[in-house]
Engineer: 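Sharing a structure with you now.
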Amino acid sequence: MPEAIAAVRARPGFAQAMRTSSIGLVGMYQGGHLLNWLMDDRGRLLFAYFALYFDASRDPADPLSGLTPKRMRTLAAEHDICSPGRATAMLSLMRFSGYLALDTQVVDRRQRRLIATDKLRDLLRKRWHLHFGAMAPLFADGDAMVAALDDAAVTRALVIVMAERFRAGFRFMTHAPELGLFGDRNAGLFILMSLIISGAPDDSVPPSRAVPMSMAALARRFRVSRPHVLKLIRDAADDGFIERVGQDGSRVVIRPRLAEATQVFFATMYLFFADCAREAMRVAGERQSKAG
């Protein structure tokens, strides 16, 4: 709710949490010409989550459950993540890269069920540790959430809770639609985060003063073309989100409208993670009690 988002933004450690998350995400960025051609950043992240979701929610009693190419193609089309053909290509790339493997326990090879590997789980667990570690000071039970990430039962429940809430309609940008300009472009949000962390230590987050910007450096860092970066920056300036200053436009001022939207985005993300973590901890605890 807007009131909860405002409360998180008002907490003393919020600016530092945003900075920590942004630095970590920029450092983790994985892109490339092939990946960018197959799917945008949002699509790749969702694809990884849903691959884990299908794997984690598999019912041993149901031979049709679990992670299969058909289910991923259907879901990708249902949520406009990518085309069925690109979903198939992405699954092949994930297998080749060691993130997925064939389920050797399937007798009927026509089912082609896949399983998530520890490499995929570790990739998302690293991302979770980044965000939960950053946001821990904002919540009374923040440290407990971070500790719970080392429990396989909790992380299994966590990915299921997150995926099911997305399928039910939750979106991070519901309250920050302004970020759609960045979220819909390859590396768009990461370029924005790079600007956010370029501010001086004594500036606000996002910075209120002008920050340096190099088109060439951003293009190299995120493996996109300079025209791609230039168009994003020009469109953001035309929409009033940023202002290019200096004789050569090599410095950028983040306008209040974009600064507020970015804060709302991070606050929404932290609230979502916290709520999902609490639910996952509850579910995992109930299952452990029944098993005991």
Side-chain angles (χ1 to χ4, degrees), residues 5 9 13-45 127 130-131 134-135 171-270:
I5 292 172
R9 290 176 62 193
F14 179 66
Q16 183 56 48
M18 279 187 63
R19 189 187 298 276
T20 299
S21 285
S22 296
I23 291 172
L25 285 174
V26 168
M28 289 181 191
Y29 181 79
Q30 295 183 12
H33 297 301
L34 176 59
L35 285 174
N36 290 340
W37 176 79
L38 282 174
M39 215 173 294
D40 60 17
D41 305 317
R42 166 186 170 274
R44 290 198 296 272
L45 180 60
R127 194 182 185 98
L130 164 66
H131 291 310
M135 68 188 234
R171 299 293 185 274
F172 284 141
M173 294 186 186
T174 297
H175 297 289
E178 296 87 352
L179 295 194
L181 172 68
F182 299 89
D184 292 339
R185 316 272 182 111
N186 283 329
L189 284 175
F190 295 92
I191 290 173
L192 174 59
M193 291 178 197
S194 292
L195 298 178
I196 289 173
I197 62 179
S198 296
D202 64 341
D203 203 347
S204 59
V205 182
S208 59
R209 302 196 292 265
V211 297
M213 178 196 64
S214 167
M215 300 281 187
L218 289 171
R220 285 194 303 270
R221 174 64 188 86
F222 300 113
R223 301 181 185 180
V224 293
S225 68
R226 289 183 66 177
H228 177 84
V229 178
L230 177 59
K231 179 168 174 49
L232 173 63
I233 296 300
R234 283 179 173 171
D235 289 347
D238 290 343
D239 287 351
F241 294 135
I242 64 173
E243 179 183 357
R244 298 182 67 183
V245 297
Q247 291 185 347
D248 55 357
S250 62
R251 296 179 69 80
V252 167
V253 175
I254 297 176
R255 304 293 294 273
R257 181 179 168 211
L258 179 59
E260 180 174 3
T262 305
Q263 290 184 353
V264 169
F265 173 81
F266 274 95
T268 302
M269 181 178 70
Y270 293 150

Engineer: With sequence neighbours left out, what residues match Arg171 under side chain to side chain contact (heavy atoms under 4.5 Å, CB included)?
Structural biologist: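 Counting only residues at least two positions away or on another chain, Arg171 forms a side chain to side chain contact (heavy atoms under 4.5 Å, CB included) with His79, Phe166, Thr174.
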Engineer: Where is the tightest heavy-atom contact between Leu130 and Thr20, given as atom of each residue plus distance?
Structural biologist: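 For Leu130 and Thr20, the tightest heavy-atom pair comes out as CD1-O, 3.6 Å.
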Engineer: Working to the nearest 0.5 Å, report the span between NE2 of His228 and CD1 of Ile233.
Structural biologist: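 Reported value, rounded in 0.5 Å steps: 10.0 Å.
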Engineer: Take Phe241 and Leu181 through the test side chain to side chain contact (heavy atoms under 4.5 Å, CB included) and record every step on the way to the result.
Structural biologist: CA-CA 10 Å; Phe241 294 135; Leu181 172 68; 3.7 Å; yes
Engineer: Do the side chain of Tyr270 and the main chain of Phe14 share a donor and acceptor less than 3.5 angstrom apart?
Structural biologist: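 Side chain of Tyr270 to backbone of Phe14: no pair is present.
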Engineer: Please find the pair of heavy atoms, one from Pro206 and one from Ile254, that lie closest to each other, and give the distance.
Structural biologist: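 Closest approach of Pro206 to Ile254: CB-CD1, 4.0 Å.
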Engineer: Looking at Ser22 and Ile196, what are the two nearest heavy atoms and their distance?
Structural biologist: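 Ser22 and Ile196 have their closest heavy atoms at OG-CG2, 4.2 Å.
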Engineer: Please evaluate residues Leu25 and Leu189 with respect to the criterion side chain to side chain contact (heavy atoms under 4.5 Å, CB included), reporting the C-alpha separation (whole Å), side-chain torsions for both, the decisive distance (0.1 Å), and the verdict.
Structural biologist: CA-CA 10 Å; Leu25 285 174; Leu189 284 175; over 6 Å; no
Engineer: Cut-off 3.5 Å, no hydrogens considered: what does the side-chain donor-acceptor table look like for residues 211-222, sequence neighbours left out?
Structural biologist:
residue	atom	partner	partner atom	Å
Ser214	OG	Ala217	N	3.1
Arg221	NH2	Val26	O	2.3

Engineer: Go through the structure and list residues passing side-chain hydrogen bond (donor to acceptor under 3.5 Å, both in side chains) with Glu178, not counting sequence neighbours.
Structural biologist: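 Glu178 satisfies side-chain hydrogen bond (donor to acceptor under 3.5 Å, both in side chains) with no other residue.
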Engineer: Take atom CZ in Arg209; do more than 12 heavy atoms of anything else shown fall under 6.0 Å from it?
Structural biologist: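 Yes, enclosed.
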Engineer: For the residue pair Arg19 and Pro201, what are the closest heavy atoms and their distance?
Structural biologist: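 Nearest pair, atom of Arg19 first, then Pro201: NH2-O, 4.3 Å.
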Engineer: Which heavy atom of Ala17 sits nearest a heavy atom of Ala134, and at what distance?
Structural biologist: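 Reported closest heavy-atom pair: CB-O, 3.3 Å.
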Engineer: Is it true that a side-chain atom of Gln263 and a backbone atom of Val205 form a donor plus acceptor pair closer than 3.5 Å?
Structural biologist: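 Answer holds: yes.
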Engineer: Rounded at 0.5 Å granularity, tell me how far CZ in Phe190 sits from CZ in Arg185.
Structural biologist: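 Reported value, rounded in 0.5 Å steps: 16.0 Å.
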Engineer: Going by side chain to side chain contact (heavy atoms under 4.5 Å, CB included), name the residues that satisfy it together with Ser208, two or more places apart in sequence or in a different chain.
Structural biologist: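 In terms of side chain to side chain contact (heavy atoms under 4.5 Å, CB included), with neighbours along the sequence ignored, Ser208 is linked to Asp203, Ser204.
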Engineer: Determine whether Leu232 and Ile191 satisfy the following criterion, side chain to side chain contact (heavy atoms under 4.5 Å, CB included), listing intermediate values before the conclusion.
Structural biologist: CA-CA 9 Å; Leu232 173 63; Ile191 290 173; 3.8 Å; yes
Engineer: State, to 0.1 Å, how close Phe172 and Met269 come at their nearest heavy-atom pair, and which atoms those are.
Structural biologist: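 Scanning both residues completely, I find the closest heavy atoms to be CE2-CA, 3.6 Å.
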Engineer: Give every residue pair that meets the salt bridge (Lys or Arg N to Asp or Glu O under 4.0 Å) criterion with at least one member in residues 236-261, sequence neighbours excluded.
Structural biologist: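 Listed by first then second residue: Arg9-Glu260.
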Engineer: Under the side-chain hydrogen bond (donor to acceptor under 3.5 Å, both in side chains) rule, collect the residues that match up with Thr262, sequence neighbours excluded.
Structural biologist: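 Partners of Thr262 by the side-chain hydrogen bond (donor to acceptor under 3.5 Å, both in side chains) criterion come out as none, since no residue qualifies.
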Engineer: Side chain to side chain contact (heavy atoms under 4.5 Å, CB included) for Ile242 and Val253? Distances and angles first, verdict last.
Structural biologist: CA-CA 6 Å; Ile242 64 173; Val253 175; over 6 Å; no
Engineer: Of Leu179, Thr268, Asp184, which is the lone residue that meets side chain to side chain contact (heavy atoms under 4.5 Å, CB included) with Met173?
Structural biologist: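 That would be Leu179.
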Engineer: Nearest 0.5 Å, what's the OG-CD distance between Ser21 and Gln16?
Structural biologist: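 Going from the OG atom of Ser21 to the CD atom of Gln16 covers 10.0 Å.
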